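To start, the structure under review is shown below, and the notes come after it.
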There are 2 protein chains.
Amino acid sequence: MSTELVNVKMFGQTGAVPTPTRPYHHGNLRSALIAAAVAEIESAGAARLSLREIARRAGVSHAAPAHHFGGKTGVFTAIAAEGFGLLAERTGRRAGQPDALLATALAYIEFGVEHRGYFEVMWRPDLHDASDPGLAAARDRAFEIFYATVGTGTDSADPDALRDAAVAAWSAVHGFVVLWLSGNLPAELGRDPAAAALSAARGMIAVGRATERQLSPEELPSSE
Amino acid sequence: MSTELVNVKMFGQTGAVPTPTRPYHHGNLRSALIAAAVAEIESAGAARLSLREIARRAGVSHAAPAHHFGGKTGVFTAIAAEGFGLLAERTGRRAGQPDALLATALAYIEFGVEHRGYFEVMWRPDLHDASDPGLAAARDRAFEIFYATVGTGTDSADPDALRDAAVAAWSAVHGFVVLWLSGNLPAELGRDPAAAALSAARGMIAVGRATERQLSPEELPSSE
DNA sequence: TGTACATCAGTGAACGCGCGTTCACTGATGTAC
DNA sequence: TGTACATCAGTGAACGCGCGTTCACTGATGTAC
């Protein structure tokens, strides 16, 4: 009898075979728990997440997640940090391209829609520990990429103008993701988030012009 | 002994005074429960809301909320409907003004920030019953006002262009509120949401221009 | 190569808690006469 | 004006459930010799 066979998980089995044991040490419990938690958040929402449900999904004892992460906050913190890493990777790829701002905006939206489990946790300091060094580093890295892209995309030299543009662009893409995920956007936009986001980008041009028309002269940005 | 005195709530009392009874029928339990629920959501988040906590805040028996609203979904549905009513009232006030789009955007943001308890529930069909007739009517009314304002503000005659502009404007204000409420926006924006939103509006002009520059000619909106 | 031992990842039984729901009830209110 | 009665808003005791946490434990792994 090979060790392979012995170590395989065979929970459903009830035959004459002596109860096969899965290895006592999981080997990669951390990843398994995070994956289980993300899957659970995607199917039931972050509010419903319980340590016991994570354990059930990962096939370990109910005390294992708390043992490994210290508690629910620890799980959320790990998810958020990993999420910012994934986001930075996606958006960073576009840096330098001539249409980097638009491409980054679409990358942000695609990330949020494809990874709602991560996305939902990343912006919720009430769930995770925002001061965790690993999380803070990952978040800062993602922000740097975003700011740099907005800076070159909008030709904003003035730091205040850059910040305002970054907040505006971020609000727009973030709001789009949130409304999309919660099913609030009109159904006519279709089911492809990238196509819908492109439509919204077209709309953004009209909104920018209307804003310019409606802001009083002294409220308008001075430069450019 | 006046009825006033008899009816007053005196829970802490243990003296010789005969136990004063508060009226068996509350009189306005519905409003009291909604107010209690909104207050609880604002202090602890919608995820933590329990029927028992609502009852505690309202000073009624723990079974009263379920008795009145049928269950937690009923409470959330009532909150959402009332929230859309409040939003429509606020944004509707600005219709017709020359700067209606900007004013409506600011009104949306102020509403979201001031009434986070309502705001959080309104966009969560997983919490409330979106098909409830009262809720649907209130929501449609609020949407009509928003669409009309965006239509006149952006001069969008084409229905598709109007929809795109509405989605873009909505994403922007909605994203701003969500990021503001979750504490994710940079601290330099200050503590006054209206001032911060005005800054973001300035940034929106630059973002609109950058979007126009980066969209390829065939992706650009044809009219205007 | 073999043995002894420290480490610590993961277990599983037990606990107390707050929750939603049920249900027989209480008592205020409104209406019919 | 007074009486009888139906209605139903709100009560409170009781229930079972899933949760997080604790803690003595088990057993795989790595290291010292």
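These numbers were taken from a predicted model, which means no experiment stands behind them. Reminder, nothing fancy here: chain letters follow the sequence lines and each chain counts from 1.
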query = Taking the six-membered ring for Trp, are A:W123 and A:F84 ring centroids under 6.0 Å apart?
reply = yes
Test of ring centre spacing under 6.0 Å for A:F143 and A:W170 = yes
ask   = Starting at the 5' end of DNA chain D and moving along, which residue's nearest nucleotide shows up first, B:R30 or A:K72?
value = B:R30
ask   = NA contact type, B:A63, heavy-atom cut-off 4.0 Å: base, sugar-phosphate, or nothing?
value = base
Separation of atom CZ in B:F69 from atom C1' in D:dG10, rounded to whole Å = 14 Å
key: Ring-ring centroid check B:F111 B:H115, cutoff 6.0 Å   = yes
Atom pair distance, as rounded to whole Å: CD in A:E40 and P in D:dG18 = 14 Å
note = When rounded to whole Å, the NE2 to C1' distance for the pair B:H68 and C:dG20 reads 18 Å
message = Under 4.0 Å, counting only non-hydrogen atoms across every strand here, what does B:R56 touch: a base, just sugar-phosphate, or nothing?
response = sugar-phosphate
remark   = In whole angstroms, the gap separating C1' of C:dG20 from CD1 of B:I54 amounts to 12 Å
query = Do B:R90 and B:E114 meet the salt-bridge criterion of a basic N to acidic O distance under 4.0 Å?
reply = yes
query = In Watson-Crick or G-U wobble terms, both distances under 3.5 Å, what is the partner of D:dC5?
reply = C:dG30
Integer-rounded Å distance: D:dC17 P and B:R52 CZ = 16 Å
query = Whom does D:dC23 pair with, Watson-Crick or G-U wobble, provided both distances fall under 3.5 Å?
reply = C:dG12
task = Report yes if at least one side-chain N or O of B:S50 is closer than 4.0 Å to OP1 or OP2 of C:dG18; otherwise report no.
result = no
Selected nucleotide, minimal atom distance to B:A64 side chain, candidates D:dG20, C:dG10, D:dT11 = D:dT11
query = Is there a donor in the side chain of A:S43 and an acceptor in the side chain of A:R48, or the other way round, less than 3.5 Å apart?
reply = no
task = With the side chain of B:H67 defined as its heavy atoms from C-beta on, choose the nearest nucleotide among D:dT11, D:dG10, C:dC19.
result = D:dG10
task = Taking only the side-chain heavy atoms of A:H62 (C-beta and beyond), determine which of D:dC19, C:dT21, C:dG12 contains the nearest atom.
result = C:dG12
task = Tell me which nucleotide among C:dG10, D:dT21, D:dA9 gets nearest to the side chain of A:L51.
result = D:dT21
query = For D:dG18, which nucleotide is its Watson-Crick or G-U wobble mate, given both distances must be under 3.5 Å?
reply = C:dC17
